[in-house]
*Asks:* 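Quick one: this structure, given as structure tokens, is what I'll be asking you about.
Order of listing sets the numbers, starting from 1, for every ligand and every atom in it. Positions are given from 1, in the same order as the sequence printed here.
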Amino acid sequence: MQKILVARPIFPDVIERLKQYFDVDWHQGDVLSVDELTRRLADKDGALTAGDPVGAAVLAAAPRLRVVSNMAVGYNNFDMAAFNAANVLGTNTPDVLNESTADFGWALMMAAARRIAESEHWLRAGQWQKWIYDGFLGTDIYGSTLGVIGMGRIGQALARRAKGFNMQVIYHNRSRVAPEIEAELNAEYASKQDLLKRADHVVLVLPYTKENHHTIGAAEFAQMKPSATLTNIARGGIVDDAALVEALRTKQIAAAGLDVYEGEPNLNPDLLTVPNVVLTPHIASATEATRRAMANLAADNLIAALGEGPRAGRPPNPINPDVIGKARS
Ligand code: 8YV
């Protein structure tokens, strides 16, 4: 039987599925250190990860490893150049999380715009004595302008929801989406600068790459409206968190909603000291149904990539399909 490592606690029934095909080493404790991950992969043919960094050194120490299946759509934890050089397949879990993640983007954006978390903390602290005409004034969603940066599948799902709020949708992306998608979403392509100036609510849904590092920082906050909100459901590092703290403190923008952070789970401690930011612990895809779908898709990818099951040799979500069938190097 081929050997696999499941590097994270996941649904036990998915582990049972994997055991039908593989000898499974299931790590259920704290996140594995790179050294420990390297050690545990030394004799494995495949692995299931969820955000664990896998680069050249890890692959070099695991000569049998042929596939690493990430339980996430984002795979910035994989060094894909190293995967390609070693002929190791990477897979991810796109699509199954689009709607849950888009829902959550709205939840965060609305919570930030309408100051839901901030006012709840105030209420819980026993400070509510009377109705105040200008208490917790926020920014409207209905009829406002939504600015989506990153118009992939999740960005599109998010933009599709704007119709019911009678919003104008503008977007920025590496390239324009097809005219029929623009028409369906009633979305107008804008330069980043134009979007930042015009949007009442900016939502980030782009993948993290070296080029996208600090896409939003001090210069960008300076272009946004003082009434605007910023929501990040993409990846930490796309926003300069220190500059965001400053922009929130000085009311350069009104509020922010963050699900992802630079250096998470150790976030910039200053974020905890500003009231006008809603902070959640990377849970945009966290519904029971969606996390199950992601875990099962990650298992499907692993099973198929290692030549087992009904799709043997044809994993549903290869990131670098060109390495399929090539000998490990
Ligand atoms: C994952 C995510 O839960 O899919 C992604 O890219 O950000 C989340 O849905 C998280 O990355 C853990 O792998």
*Asks:* For a quick test of your reading: what N or O donor-acceptor pairs under 3.5 Å do the side chains of residues 132-154 make, sequence neighbours left out?
*Replies:*
{"residue": "Thr139", "atom": "OG1", "partner": "Ser227", "partner atom": "O", "Å": "2.9"}
{"residue": "Ser144", "atom": "OG", "partner": "Ile141", "partner atom": "O", "Å": "2.5"}

*Asks:* Side-chain heavy atoms under 4.5 Å apart, restricted to Ile/Leu/Val/Met/Phe/Trp/Tyr: what other residues fall into the cluster of Val34, or is it alone?
*Replies:*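 Members besides Val34, by chain and number: Leu5, Leu32, Leu37, Leu41, Val54, Val58, Leu59, Leu65, Val68, Tyr75, Phe78, Met80, Phe83, Val88, Ile319.
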
*Asks:* Is it true that Arg39 and Asp35 have a side-chain N and a carboxylate O under 4.0 angstrom from each other?
*Replies:*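 Salt bridge absent between Arg39 and Asp35.
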
*Asks:* Show the nearest heavy-atom pair for residues Ala159 and Val169, with the distance to one decimal.
*Replies:*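 Taking every non-hydrogen atom into account, CB-CG1, 4.0 Å.
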
*Asks:* Enumerate the protein residues lying less than 4.0 Å from ligand 1, judged by heavy-atom distances, in chain and residue-number order.
*Replies:*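 The answer is Ala50, Gly51, Met71, Ala72, Val73, Gly74, Leu97, Arg235, His282, Ser285, Arg291, Met294, counting any residue whose heavy atom sits under 4.0 Å from ligand 1.
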
*Asks:* Would you be so kind as to tabulate the donor-acceptor pairs closer than 3.5 Å made by side chains of residues 274-290, with sequence neighbours excluded?
*Replies:*
{"residue": "Asn276", "atom": "ND2", "partner": "Leu248", "partner atom": "O", "Å": "3.0"}
{"residue": "Asn276", "atom": "ND2", "partner": "Ala254", "partner atom": "O", "Å": "3.1"}
{"residue": "Thr280", "atom": "OG1", "partner": "Leu258", "partner atom": "O", "Å": "3.3"}
{"residue": "Thr280", "atom": "OG1", "partner": "Asp259", "partner atom": "OD1", "Å": "2.8"}
{"residue": "His282", "atom": "ND1", "partner": "Glu264", "partner atom": "OE2", "Å": "2.5"}
{"residue": "Ser285", "atom": "OG", "partner": "Arg291", "partner atom": "NE", "Å": "2.9"}
{"residue": "Ser285", "atom": "OG", "partner": "Arg291", "partner atom": "NH2", "Å": "3.1"}
{"residue": "Thr287", "atom": "OG1", "partner": "Thr290", "partner atom": "N", "Å": "3.1"}
{"residue": "Thr287", "atom": "OG1", "partner": "Thr290", "partner atom": "OG1", "Å": "3.1"}
{"residue": "Glu288", "atom": "OE2", "partner": "Arg292", "partner atom": "NE", "Å": "2.8"}
{"residue": "Thr290", "atom": "OG1", "partner": "Ser100", "partner atom": "OG", "Å": "2.5"}

*Asks:* Answer yes or no: is there a donor N or O on one side and an acceptor on the other, between the side chain of Arg115 and the main chain of Glu118, under 3.5 Å?
*Replies:*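 Flag not set: sc Arg115 to bb Glu118 has no pair under 3.5 Å.
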
